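Accompanying notes for the structure given below.
It should be emphasised that the depicted structure is a prediction, and the values quoted were computed from it without experimental measurement. Excluded from the calculations below are hydrogen atoms, water molecules and symmetry mates; all remaining heavy atoms, backbone and side chain alike, are included.
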Amino acid sequence: MSLSSVLSADAIDCALKDCQAPDSFNPRKFFQLCGLTKKSPQEVKNVFNILDNDASGFIEEEELKFFLQRFSAGARVLTDKETKAFLSAADDDSDGKIGVDGNCGFYIIFPSFIIKQNNNAVGPESFVIVSI
């Protein structure tokens, strides 16, 4: 599966153009521009799995650095400042990674909410929107 199977190529291009300059990346704005905020919980999970380059169930700081390149190979690398800010915004338990935690489940940051997957539930009802 590729990101373009979930997100439109035009939306991805728009989001990438918005953050071409170093230190201009804003994850909330990026997710909004690429259309991810309008996707279903399952589609969001699919995107997360694509972004989890090593399939560890987590997106670690080193993977975040190359976040934009997962959307387009020619995109720039995030600066250290952007990478740390992104990790800080999305790492709710301060373990240095975003992803699956044995007790909490799957998290990904959005403009005004987080989608949490309850690992004990099955189907669409397994996702809960948590306001932040």
Report whether [X] and [Y] are members of the same hydrophobic cluster (ILVMFWY, side-chain heavy atoms less than 4.5 Å apart, transitive linking).
| X | Y | answer |
| --- | --- | --- |
| L33 | L36 | no |
| I50 | L16 | yes |
| L51 | I12 | yes |
| I59 | L3 | yes |

Pairwise salt bridge (Lys or Arg N to Asp or Glu O under 4.0 Å) hits with a residue in [range], at least two apart:
| range | result |
| --- | --- |
| residues 70-81 | R76-E82 |
| residues 12-27 | D18-K29 |
| residues 47-69 | E61-K84 |

Legend entry - Side-chain touch L68/F30, heavy atoms, less than 4.5 angstrom: yes
Inset, instruction - Check whether any side-chain heavy atom of L64 sits under 4.5 Å from a side-chain heavy atom of I98, and report yes or no. - result: yes
Legend entry - Qualifying residues under side-chain contact (heavy atoms from CB on, under 4.5 Å), relative to S5, sequence neighbours excluded: M1, S2
Inset, instruction - Quick one: list whatever passes side-chain contact (heavy atoms from CB on, under 4.5 Å) with S8, sequence neighbours left out. - result: D10, A11
Legend entry - Rounded distance [0.5 Å steps], CG in L87 versus CG in D95: 8.5 Å
Inset, instruction - Kindly compute the distance separating CG (L78) from CZ (F67), expressed to the nearest 0.5 Å. - result: 7.5 Å
Inset, instruction - Classify the ring geometry between F25 and F86 as parallel (under 30°), tilted (30 to 60°) or perpendicular (over 60°). - result: tilted
Inset, instruction - Please name all residues satisfying side-chain hydrogen bond (donor to acceptor under 3.5 Å, both in side chains) with E43, sequence neighbours left out, ordered by chain then number. - result: S40
Inset, instruction - Apply side-chain contact (heavy atoms from CB on, under 4.5 Å) to K39 and N46, showing your working. - result: CA-CA 10 Å; K39 298 300 177 182; N46 291 344; over 6 Å; no
